[in-house]
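Heavy atoms only: backbone and side chains are in, while hydrogens, waters and symmetry mates are out. Below, chain A is the first sequence line, B the second, and so on; all start at residue 1. The structure displayed is predicted, hence computed values, not measured ones.
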Protein chains: 2
Amino acid sequence: MPTPHYGQPRYRAIAEQIRERIERGLISPGSLLPPESALTAEFQASRGTIRQALAVLRESNVVATEHGRGTYVAGPACTQRSDWGSESELRYRKVPADSELAVLFAVDAGTTLIEGQGITQKNGAVETVVRIYRIPRTES
Amino acid sequence: MPTPHYGQPRYRAIAEQIRERIERGLISPGSLLPPESALTAEFQASRGTIRQALAVLRESNVVATEHGRGTYVAGPACTQRSDWGSESELRYRKVPADSELAVLFAVDAGTTLIEGQGITQKNGAVETVVRIYRIPRTES
DNA sequence: AGAAATTTGTCCGTATGTATC
DNA sequence: AGATACATACGGACAAATTTC
């Protein structure tokens, strides 16, 4: 069999399926995923491909892996929210890097960055504005 | 040959060597690294291992890769700075409000605001930049 | 405590698809 | 169109950590 991967590569599709399974609650947070050998059998994919899929989920902090133990659903960190008071939206958009950000990130001025902005209010008036910048994820 | 990897795994050692080569300036920022095939020959490692090493550097934003093009050096470390004074966790300065901030704070554009900036780093590269704005405390 | 089984980590080699020059 | 270079996928082998018996 050749290895065609029109559109979505195999490992991403598998990662998506596993992610859905997690978000659907079919695997309780903190519990172990099936071992790579089982996933290999289930998805009829080589172990390398399965590991690539798990790497995607690991990247997104959806799961965590321990040597010799297994891969479990990252429950506590995700589900648990400690003591954050009220909710406020954090909006994202793409902006070109100004000269200062360009220096900090070691990119050319004008390079597209991801900017997130949030605000805190007091008595209906804006108290503080926070902006966070990062380099766009190279994937997706 | 067996696959002994006592201590440091091969791909990490290779990543380290390439990183040193970059930090030493042997490869100018923005230029292309040798292709994976060349690195394969040079380090006498399989292409998979080389790709693992490059993945490490990509993770740290030391390099960036484009499909049929090659792998770039993302740029030297970020010891550079603008006019922020010097080393401190958070640094503040006064800036005029841009139009957007002016709307949020309900002040005139150009009004002086307090801007604080902080950065987070990962492996010597800037990961995120945070800026926080507020109205100067006038009264007491 | 020790041995075996399980599971993830590392590495190799090969083949083919896809994007860029 | 051809050459170059990265992306995806397979299969096999052995190492290292954990669990189980």
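If you check distances only, the side chain of B/R47 does reach the base of D/dA7 with a donor-acceptor pair under 3.5 Å. Taking 3.5 Å as the limit, the base of D/dA7 and the side chain of B/H67 contain no donor-acceptor pair of atoms between them.
A/G48 comes within 4.0 angstrom of no nucleic acid atom, judged by non-hydrogen atoms across all strands.
For A/T49, no side-chain nitrogen or oxygen approaches OP1 or OP2 of D/dT8 to under 4.0 Å. A/R51 has a side-chain polar atom (N or O) that falls below the 4.0 Å cut-off from OP1 or OP2 of C/dG9. The shortest distance between the side-chain N/O atoms of A/R69 and the OP1/OP2 oxygens of C/dT8 is not below 4.0 Å. OP1 or OP2 of D/dC10 lies within a sub-4.0 Å distance of a side-chain N or O belonging to A/R10.
B/T40 places a side-chain N or O within donor-acceptor distance of the main-chain N or O of B/E36, the cut-off being under 3.5 Å.
Across B/R134, B/R93, B/K94, a single residue satisfies salt bridge (Lys or Arg N to Asp or Glu O under 4.0 Å) together with B/E115, and that is B/R93.
Closest to the A/T65 side chain, of the nucleotides D/dC10, D/dT8, C/dT8, is C/dT8. For B/Q52, the listed nucleotide lying nearest its side chain is C/dT10; candidates were D/dA9, C/dT10, C/dT8.
Rounded to a whole Å, the CG atom of B/L32 is 12 Å from the C1' atom of D/dT4. Atoms CD (A/Q44) and P (D/dA9) sit 15 Å apart, rounded to a whole Å. Straight-line distance from the OH atom of A/Y72 to the C1' atom of C/dT6: 18 Å, rounded to whole Å. Counting to the nearest Å, the C1' atom of D/dA7 and the CD atom of B/E36 are 9 Å from each other. Separating the OH atom of A/Y11 from the C1' atom of C/dG17 is a distance of 13 Å, rounded to the nearest angstrom.
A salt bridge links B/E42 and B/R21; the closest N-O separation between the charged side-chain nitrogens and carboxylate oxygens is under 4.0 Å. At a threshold of 4.0 Å, the pair A/D98-A/R131 does not count as salt-bridged, since none of the basic side-chain nitrogens sits closer than that to a carboxylate oxygen.
Between A/I50 and A/E66, the residue anchored closer to the 5' end of DNA chain D is A/I50, taking for each the nucleotide with the nearest heavy atom.
Here B/Q17 contributes atom CD and B/E20 contributes atom CD; the two are 7.0 Å apart, rounded to the nearest 0.5 Å.
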